[in-house]
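Let me begin by presenting the structure, written as structure tokens, before commenting on it.
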Amino acid sequence: MSVARTARWKALAAAISAVLVGLTLPTVAATPASATTTAYDSTYYKNAIGKSGTSLKSSLHTIISSQNKISYDAVWNALKVTDQDPGNSNNVILLYSGTSRSKALSGGDLGDWNREHVWAQSHGNFGTSAGPGTDLHHLRPADVQVNTIRGNKDFDNGGSPVSGASGSYTDSNSFEPRDADKGDVARMILYMAVRYEGDDAWADLEPNDSVSNGSVPYHGRLSILKQWNEQDPPSAFEERRNDVIYGTYQGNRNPFIDHPEWVEAIW
Ligand SMILES: [Ca+2]
Ligand SMILES: [Ca+2]
Ligand SMILES: [Ca+2]
């Protein structure tokens with residue numbers, strides 16, 4: 001091979017190497033299937049990212065405790081916005097039944113909807129002054145009769161069908177919401193547990209595995225709520241509701257709607 005040809009081969013080989021370097025594939029970070037990322041990770045949740053267990057719970061408590069509180073009377077109108085039927089702006093969607101009902105039918109009579117406390121008021125006796133009793137993150141419109149049937153029962157699987165709430169079941173000591181509401185209920189209960197830690201005027205609310213909590217500040221059953229969180233992931237309706245409460249009413253978010261995997265990271 002002549003000197004000139006050798007030089008040309010060397011130049012060609014160098015050019016091919018340069019092209020191959022340019023073709024190096026970008027590194028793709030492996031992400032666990034259950035992990036989610038949100039627009040709030042680098043801002044709202046900045047101090048919680050990367051944590052787990054009591055450290056995560058403590059960070060989230062600090063973050064979500066910065067909030068505005070509304071009156072129990074203001075809850076009526078707020079629910080008309082947070083739970084508006086996406087297909088009919090005159091109506092709200094009721095928890096446990098999925099019924100779409102006129103916003104105007106708010107009240108205490110047969111056929112009305114009222115303000116359901118998913119974390120039962122009696123579990124900690126927090127009443128309806130501004131605080132846990134008016135916290136929109138666990139308040140939902142529900143049919144008056146269905147709300148009465150649910151009462152202050154803990155949540156668990158099993159029982160007989162609930163009249164007026166197809167797919168929901170109840171027995172003497174527990175209530176099982178229809179499948180589409182199971183995850184919502186779990187994430188509302190666990191929000192309350194992180195938000196209320198006994199460092200203010202209110203009891204330290206915590207989940208446990210009992211179905212006979214009565215008036216103690218606990219709510220069951222944690223093992224079932226964890227299953228429900230997996231079984232019924234956040235829907236567009238639930239995510240919008242979180243955004244409206246954050247943007248319009250309270251200025252705080254339910255972390256378990258943004259990051260359902262944080263349920264397992266804490267409990
Ligand atoms: Ca039961
Ligand atoms: Ca759901
Ligand atoms: Ca707590």
Can you tell me how far NE2 of His138 sits from CD of Glu116, rounded to the nearest 0.5 angstrom?
9.0 Å
Once you round to the nearest 0.5 Å, how far does CG of Leu136 lie from CE of Met188?
11.5 Å
So which of Arg241, Arg140, Arg178 actually passes salt bridge (charged side-chain N to carboxylate O under 4.0 Å, His left out) with Asp184?
Arg140
Starting at CG of Leu105, measure out to CG of Asn90 and round the result to the nearest 0.5 Å.
11.0 Å
Could you give all pairs that pass the side chain to side chain donor-acceptor pair (under 3.5 Å) test and reach residues 102-112, with sequence neighbours left out?
Gln84-Lys103
Can you see which heavy atom on Thr38 is nearest to which on His259, and at what distance?
CG2-NE2, 3.8 Å
Side chain to side chain contact (heavy atoms under 4.5 Å, CB included) test vs Lys153 passes for just one of Asp171, Thr170, Val211, Asn213, namely Thr170
Which pair of heavy atoms, one from Gln67 and one from Ile64, lies closest together, and at what distance?
CB-O, 4.1 Å
Distance check, rounded to the nearest 0.5 Å: Asn242 atom CG versus Ile257 atom CD1?
4.0 Å
Give a yes or no on whether the backbone of Ala120 and the side-chain of Asn152 come within a donor-acceptor separation of less than 3.5 Å.
no
Would Phe155 and Lys182 count as a side chain to side chain contact (heavy atoms under 4.5 Å, CB included) here? Give the steps.
CA-CA 9 Å; Phe155 294 103; Lys182 283 183 164 71; over 6 Å; no
Which atoms form the tightest heavy-atom contact between Leu139 and Gly133, and what is the distance?
CD1-O, 3.8 Å
Is any side-chain heavy atom of Arg195 closer than 4.5 Å to one of Ser65?
yes
Taking atom types as modelled, find out whether Asp258 and Tyr44 have a side-chain donor-acceptor pair closer than 3.5 angstrom.
no
For His117 together with Tyr72, are the ring centres under 6.0 Å from each other?
yes
I'd like to know if Val146 and Val185 are part of one continuous hydrophobic network [Ile/Leu/Val/Met/Phe/Trp/Tyr, side-chain heavy atoms within less than 4.5 Å].
yes
Under a plain distance cut-off of 3.5 Å, with no hydrogens placed, do Ser97 and Asp143 share a side-chain donor-acceptor pair?
no
Looking at Ser71 and Thr134, what are the two nearest heavy atoms and their distance?
C-CG2, 4.0 Å
Got Val162 and Tyr96 here, is their nearest side-chain heavy-atom distance under 4.5 Å?
no
Do Arg253 and Asp243 pass the side chain to side chain contact (heavy atoms under 4.5 Å, CB included) test, and can you show the C-alpha distance, the side-chain angles, and the key distance before you say yes or no?
CA-CA 7 Å; Arg253 304 184 66 80; Asp243 286 339; 2.8 Å; yes
Can a donor-acceptor pair be found between the side chains of Asp181 and Trp228 at a distance below 3.5 Å?
no
If hydrophobic clusters are built by linking Ile, Leu, Val, Met, Phe, Trp and Tyr wherever their side-chain heavy atoms come under 4.5 Å apart, do Trp76 and Leu95 end up in the same one?
no
Single-linkage hydrophobic cluster, 4.5 Å side-chain cutoff, Val216 and Phe126 together:
no
Straight-line distance of Leu79 CG to Arg115 CZ, nearest 0.5 Å
8.5 Å
Determine whether Leu110 and Gln145 satisfy the following criterion, side chain to side chain contact (heavy atoms under 4.5 Å, CB included), listing intermediate values before the conclusion.
CA-CA 7 Å; Leu110 197 67; Gln145 283 181 299; 3.2 Å; yes
Is there a side-chain contact between Lys80 and Trp113 (heavy atoms, below 4.5 Å)?
yes
Verdict with reasoning, Tyr196 to Asp135, per side chain to side chain contact (heavy atoms under 4.5 Å, CB included):
CA-CA 11 Å; Tyr196 300 98; Asp135 194 323; 2.7 Å; yes
Point-to-point distance, once rounded to the nearest 0.5 Å, from NZ of Lys69 to CG of Asn252
10.0 Å
Side-chain heavy atoms of Tyr249 within contact of His137, under 4.5 Å:
no
Do the side chains of Tyr191 and Pro255 get nearer than 4.5 Å, heavy atoms only?
yes
Heavy-atom pair with the smallest gap, counting every atom of Val144 and Gly107:
CG2-O, 3.5 Å
Any side-chain donor near an acceptor of the partner, Glu238 and Asn254, under 3.5 Å
no
Looking at side-chain heavy atoms only, is the closest gap between Ile63 and Ser66 below 4.5 Å?
no
Working note: Asn173 + Ser212, criterion side chain to side chain donor-acceptor pair (under 3.5 Å); need CA distance, chi angles, decisive distance, verdict.
CA-CA 7 Å; Asn173 59 15; Ser212 55; over 6 Å; no
Closest approach of Gly131 to Trp202 (non-hydrogen atoms, all atoms of both residues)
CA-CZ2, 3.9 Å
Quick one: list whatever passes side-chain hydrogen bond (donor to acceptor under 3.5 Å, both in side chains) with Asp204, sequence neighbours left out.
none
Is Trp262 reachable from Leu205 through a run of hydrophobic residues whose side-chain heavy atoms are each under 4.5 Å from the next?
yes
In terms of ring plane angle, is the pair His123 and Trp119 parallel, tilted or perpendicular, where the classes change at 30° and 60°?
perpendicular
Testing the 3.5 Å rule here: is there a donor-acceptor pair between the side chains of Ser59 and Asn47?
no
Determine whether a donor-acceptor pair (N or O, by modelled atom type, separation under 3.5 Å) exists between the side chain of Gln250 and the backbone of Ile245.
no
State, yes or no, whether a side-chain contact exists between Asn157 and Gln227 at a heavy-atom distance under 4.5 Å.
yes
Tell me whether Leu190 is reachable from Tyr40 by hopping between hydrophobic residues (I, L, V, M, F, W, Y) whose side-chain heavy atoms are closer than 4.5 Å.
yes
Is there side-chain contact between Asp83 and Ile93, with at least one heavy-atom pair below 4.5 Å?
no
